[in-house]
Amino acid sequence: MATKTDPKPAGVADSDIKQAGKTYEGLSRQQLTEAYRIMYTSRRLDDREIMLKRQQKIFFQISGAGHEAIGVAAAFALKAGYDWFYPYYRDRALCLGLGVSPYDMLLQAVGAADDPSSGGRQMPSHWSFPRLHIVTGSSPTGTQILQSVGCAEVARYLTAHPNAAKKVEGDYRQFKDVEFHSDEITYVSLGDGTTSEGEFWEAMNTVSNLKLPLMFVVEDNEYAIPALVGGRCLRTGASLGDGTTSEGDFVAVELDVLNCR
């Protein structure tokens, strides 16, 4: 049957990080230190994987450089194993902040059989950790967006129809407890170029019409050719972070999370 668990903050669960004290933009000294540690770890993992690729010990690498601050901010504001995450391949810092270990990431990079994401079958940086509610993605850009819309509808549906989560013989509910939370949020991220994909606009329309608790995080690293910064403007009550400072991004993401819940 459906169960509810107490929310557990992601990346900042330890009491020493959450303890009261002087804050900067709402972040304590311990939180700022933890944010820097995760950001630095993410960058060093990128550097190590690039080195391994040059040594031909791995054969594919996707950098998350420049995306660390927004990832850490999202990890601090959301809850691992409570909210749902549909990250894209540059969200290394987000996954570290939610509880993925550097060792697990390196297992995926080398395609090891012990890789917890896919047993070495999935491409590197295609994160999948069920216990943290991190859902695996696909390589074609934007495919995760409509999937996240469906996920965001689940809690809404189960809240209105709680009997739908009860155990029933003959389908998967017989073997698996269905968990849901009436205030859970679904996170989905994408690059700026993916906003040119039809899936993005389909998702935005559906979420706006149904008022779903889905948080879009569009990360503009100026890589994509078709994305024109300033050429078009999307106004849906979104907050803006600069992607380079954890405190600035934390404020923006925290506002969006409060709005979604």
Side chain to side chain, [X] and [Y], heavy atoms closer than 4.5 Å:
X: Asp47; Y: Arg44; result: yes
X: Lys53; Y: Phe60; result: no
X: Phe85; Y: Val188; result: no
X: Ser139; Y: Met123; result: yes
X: Phe180; Y: Val154; result: no
X: Val149; Y: Val207; result: yes
X: Glu68; Y: Ile38; result: no

In Å, rounded to the nearest 0.5 Å, how long is the span from [atom1] of [X] to [atom2] of [Y]?
X: Leu214; Y: Thr206; atom1: CG; atom2: OG1; answer: 10.0 Å
X: Asp220; Y: Ile70; atom1: CG; atom2: CD1; answer: 12.0 Å
X: Leu94; Y: Leu78; atom1: CG; atom2: CG; answer: 8.0 Å
X: Leu98; Y: Phe129; atom1: CG; atom2: CZ; answer: 10.0 Å

Decide side-chain contact (heavy atoms from CB on, under 4.5 Å) for Gln144 and Val135; before the verdict, give the C-alpha distance in whole Å, the side-chain angles of both, and the deciding distance to 0.1 Å. CA-CA 9 Å; Gln144 75 275 18; Val135 182; over 6 Å; no
Single-linkage hydrophobic cluster, 4.5 Å side-chain cutoff, [X] and [Y] together:
X: Tyr187; Y: Tyr89; result: no
X: Leu107; Y: Val100; result: no
X: Ile134; Y: Val257; result: yes
X: Phe76; Y: Leu32; result: yes
X: Met204; Y: Leu210; result: yes

What are the two closest non-hydrogen atoms of [X] and [Y], and how far apart are they?
X: Gly99; Y: Arg131; value: O-NH2, 3.6 Å
X: Gln147; Y: Thr136; value: OE1-O, 4.5 Å
X: Gln122; Y: Gly137; value: NE2-O, 3.1 Å
X: Ala109; Y: Pro124; value: O-CG, 4.0 Å
X: Thr41; Y: Pro102; value: CG2-CG, 3.9 Å
X: Gly142; Y: Thr194; value: CA-CG2, 3.4 Å

So does [X] have more than 12 non-hydrogen atoms from other groups sitting under 6.0 Å from [atom1]?
X: Arg48; atom1: CZ; value: no
X: Gln55; atom1: CD; value: yes
X: Tyr40; atom1: OH; value: no

Measure the acute angle between the ring planes of His133 and Trp84, then classify it against the limits of 30° and 60° as parallel, tilted or perpendicular. parallel
Classify the ring geometry between His67 and Tyr88 as parallel (under 30°), tilted (30 to 60°) or perpendicular (over 60°). perpendicular
Using a strict 4.0 Å threshold on nitrogen-to-oxygen distance, state whether [X] and [Y] make a salt bridge.
X: Arg92; Y: Glu49; answer: yes
X: Arg37; Y: Glu34; answer: yes
X: Arg90; Y: Glu219; answer: no

Is it true that a side-chain atom of [X] and a backbone atom of [Y] form a donor plus acceptor pair closer than 3.5 Å?
X: Ser148; Y: Ile145; result: yes
X: Gln108; Y: Met105; result: no
X: Asp83; Y: Ile185; result: yes

Under a plain distance cut-off of 3.5 Å, with no hydrogens placed, do [Y] and [X] share a side-chain donor-acceptor pair?
X: Gln61; Y: Asp46; value: yes
X: Asp104; Y: Ser101; value: yes
X: Tyr86; Y: Asp91; value: no
X: Thr195; Y: Asp192; value: no
X: Ser117; Y: His126; value: no

Aromatic ring proximity, centroids under 6.0 angstrom, His181 and Tyr82: yes
Under the side-chain contact (heavy atoms from CB on, under 4.5 Å) criterion, do Val72 and Leu96 qualify, and how do the steps go? CA-CA 8 Å; Val72 172; Leu96 288 170; over 6 Å; no
With side-chain contact (heavy atoms from CB on, under 4.5 Å) as the test, would you mind laying out the steps for Asn163 and Lys166 before giving the verdict? CA-CA 5 Å; Asn163 290 333; Lys166 290 183 177 180; 3.1 Å; yes
